Amino acid sequence: MAVRETAKQTSLPGSPVADGRRRLAVLIVGFVVVVAGLGTLIGALVGLLVVGLVVAGLVAVLLVVVSYLRGDAIVLRVSRAVPADPDRYQRFHNLAEGLCVSNGLPKPRLYVIHDPAPNALVLGRDARHASIAVTTGLLDMMNRVELEGVMAHELARIRGNELGASTLVVTTVGASSLLAELCFRLRSWNGGRASRPGDEPDRSNPLALVGYLLLPLSALTSPLTRRIVGPSTAVSNDLAACQITRYPPGLLSALEKLRAENTVTHASCGVTAHLWLAEPFAGAGDGGFLSGLRRPFGAHPPLDDRIALLREL
């Protein structure tokens, strides 16, 4: 009964859920209109105005439908996330279940990303279709109360209903950047970031050339996606997480550990940066391709600022 009452209240005008739905609707309509307009313009230039409008409109609608229904799966696959085994990652599952039960939230699907950098990713179209992925580096580094603080931060984002538009924008507006990132990973035949044993000698994958062709467009879409999503809500979600756990030192300690480490993840890309817990490109110390160009486009406030605010609680 309490969960139903909470759901009713959060659906009221002005609530986070209502605001999230409004942002999602504006994004869908705006994307379809812009793509249809571009198709109409191209069609008019070649003397096929109606054909251009119809084709572009159908493509835009199809992309929105696929992105809405499968956008989270696409981002998880690009991020190299795999389902978290309940036996192997029992602590992860137990913390998620406990926090969800105590806050009247459905348990999100849990994933693990095999990466030594400590970071976490949250996405989905709504609270009932949300997913949380954490890196193995985060699981290894955090103790129970610190991991609880991280989970509470991600659940605060789910409860705030900010994920629908944040996820959809990645696979619509940021589709070209997402494709470019995938193509860059195909520079070697095994799909990695660098050559490994077993690669075809002295040969690169020709599909990677598509990434270079899309590079100018992807350089524009990465900042554009963050403008559409809006300013980072990391600070407000930190405060909400402390309300969920009622123990600010847990998240504070977790953020301090993140500050002391390199949060750069190999599976992140420009248009998904806003979905991560901490800046996945900050410092860019991994020497990855184009890492230097990614630094100015941070999607999160500095960890120092977030830590300073939590210390004042």
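These figures come from a predicted structure and were not determined experimentally.
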Could you go through residues 26-45 and list every donor-acceptor pair under 3.5 Å that involves a side-chain atom there, pairing it with any protein atom two or more places apart or in another chain?
unit_1	atom_1	unit_2	atom_2	d
T40	OG1	A36	O	2.8

Requested in this report: Please round to the nearest 0.5 Å and tell me the distance separating atom CD of E279 and atom CG of L258.
Outcome: 12.5 Å
**Report entry** Donor-acceptor contact present, side-chain S67 to main-chain T171, <3.5 Å
**Finding:** yes
**Report entry** L99 backbone acceptor or donor facing N103 side chain under 3.5 Å
**Finding:** yes
Query raised in the report: Is the closest side-chain donor-acceptor distance between D72 and H129 under 3.5 Å?
Result: no
Query raised in the report: Quick check: does any side chain N or O of T167 sit under 3.5 Å from a backbone N or O of G164, one acting as donor and the other as acceptor?
Result: no
Query - Any side-chain heavy-atom pair of L168 and R125 under 4.5 Å - result: no
Query raised in the report: Is the side chain of K107 donor-acceptor paired with the backbone N or O of A96 at a distance under 3.5 Å, no angle test?
Result: no
**Report entry** Salt-bridge criterion met for R259 and D304 (N-O under 4.0 Å)
**Finding:** yes
**Report entry** Lys/Arg-Asp/Glu bridge criterion (N-O < 4.0 Å) met for E256, R311
**Finding:** yes
Report task. Output yes when a side-chain donor or acceptor of T233 lies under 3.5 Å from a complementary backbone atom of S236, and no otherwise. Result -> no
Query raised in the report: So do the side chains of P83 and R109 get within less than 4.5 Å of each other, counting heavy atoms only?
Result: no
In a table with atom names and distances, give each donor-acceptor pair under 3.5 Å that connects a side chain of residues 242-253 to protein atoms at least two apart or in another chain.
unit_1	atom_1	unit_2	atom_2	d
T245	OG1	A241	O	3.2
T245	OG1	Y247	N	3.3
S253	OG	E146	OE2	2.4

Report task. Treat each ILVMFWY residue as a node, draw an edge where side-chain heavy atoms are under 4.5 Å apart, and state whether L155 and V145 are in one component. Result -> no
Query - Side chain to side chain, L255 and L310, heavy atoms closer than 4.5 Å - result: yes
Query - Between OG on residue S131 and CG on residue L275, distance to nearest 0.5 Å - result: 11.0 Å
Requested in this report: Could you grab the distance from atom CG of L95 to atom CE of M142, nearest 0.5 Å is fine?
Outcome: 12.5 Å
Query raised in the report: Quick one: does E148's side chain get under 4.5 Å of R91's, heavy atoms only?
Result: no
Query raised in the report: More than 12 foreign heavy atoms under 6.0 Å from CD of E97: is that the case here?
Result: yes
Show me, pair by pair, the donor-acceptor contacts under 3.5 angstrom made by side chains of residues 111-118, not counting sequence neighbours?
unit_1	atom_1	unit_2	atom_2	d
D115	OD1	A117	N	2.9
D115	OD2	H266	N	2.9

Query - N119 (side chain) donor-acceptor with A278 (main chain) under 3.5 angstrom - result: yes
